[in-house]
Amino acid sequence: MTQRSKPGPPPINLARERIYSVIDSIPKGKVSTYGTVGKEAGLPRGARQVAAALRHLDPGRDLPWFRVVNSCGKISERPGGGESVQRQLLESEGIEFSKAHRIDLRRLGWPSGYFS
DNA sequence: GCTCTGACGTCTA
DNA sequence: ATAGACGCCAGAG
């Protein structure tokens, strides 16, 4: 075949699947961030892509989307609302929130030690 | 093809 | 610690 694989970012739909795969690997009781998930998925500057991937996520798909928060350790607000739902899902598996609605990433962030 | 948008993150003041 | 500017990059129009 004449086509050679050349170095560079993977096709978007493939990148999206990688993102989903990373999110699926976040352990119960832990959380990760948009930026970190992007990195793990091979997208060093792909935080916004991770957000977009979640926005376009099939609602029927079984994926722990709620374990993704922003770099501040807080739940990101978005148009459709639903932050309270995400918080409840996290609390239901033991995640604790500070007074400022923040999660201690040094303790509950995944991968462990990533936020030290 | 071009421009604007945004569930983000990092740097500066 | 807080606020604002900038950079990034795929989607949407």
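Lettering follows sequence order; numbering is per chain, from 1. Only heavy atoms go into these numbers, but all of them, side chains included; no hydrogens, no water, no symmetry mates.
Here the shortest heavy-atom pairing between A/S32 and A/I26 reads CB-CD1, 3.7 Å.
For the atom pair A/Q86 CD and A/I75 CD1, the distance stands at 4.5 Å (nearest 0.5 Å).
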Start with the C-alpha distance between A/I103 and A/I95, add both sets of side-chain angles, then the distance that settles side-chain contact (heavy atoms from CB on, under 4.5 Å), and finish with yes or no.
CA-CA 8 Å; A/I103 297 169; A/I95 299 294; 3.8 Å; yes
Can A/H56 and A/R16 be said to form a side-chain hydrogen bond (donor to acceptor under 3.5 Å, both in side chains), step by step?
CA-CA 10 Å; A/H56 293 280; A/R16 188 174 286 179; 4.7 Å; no
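At a non-hydrogen distance threshold of 4.0 Å, nothing from residues 94-105 of chain A comes into contact with DNA chain B.
The list of salt bridge (charged side-chain N to carboxylate O under 4.0 Å, His left out) pairs with a residue in residues 67-81 of chain A, not counting sequence neighbours, reads A/R67-A/E93.
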Using residues 107-116 of chain A as the side-chain source, report each donor-acceptor pair under 3.5 Å to any protein atom, sequence neighbours left out, with the distance given to one decimal.
| residue | atom | partner | partner atom | Å |
| --- | --- | --- | --- | --- |
| A/Y114 | OH | A/E40 | OE2 | 3.4 |
| A/S116 | OG | A/G113 | O | 3.4 |

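Residues that satisfy the side chain to side chain donor-acceptor pair (under 3.5 Å) test with A/T33, not counting sequence neighbours, are A/T36. Listed by chain and residue number, nothing satisfies the side chain to side chain donor-acceptor pair (under 3.5 Å) test with A/E96 (two or more places apart in sequence, or in another chain).
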Starting at the 5' end of nucleotides 7-13 of chain B, put B wherever the base has a protein heavy atom under 4.0 Å, S where only the sugar-phosphate does, and a dash everywhere else.
BBS----
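Rounded to whole Å, the distance from CG on A/L43 to P on C/dA10 is 8 Å.
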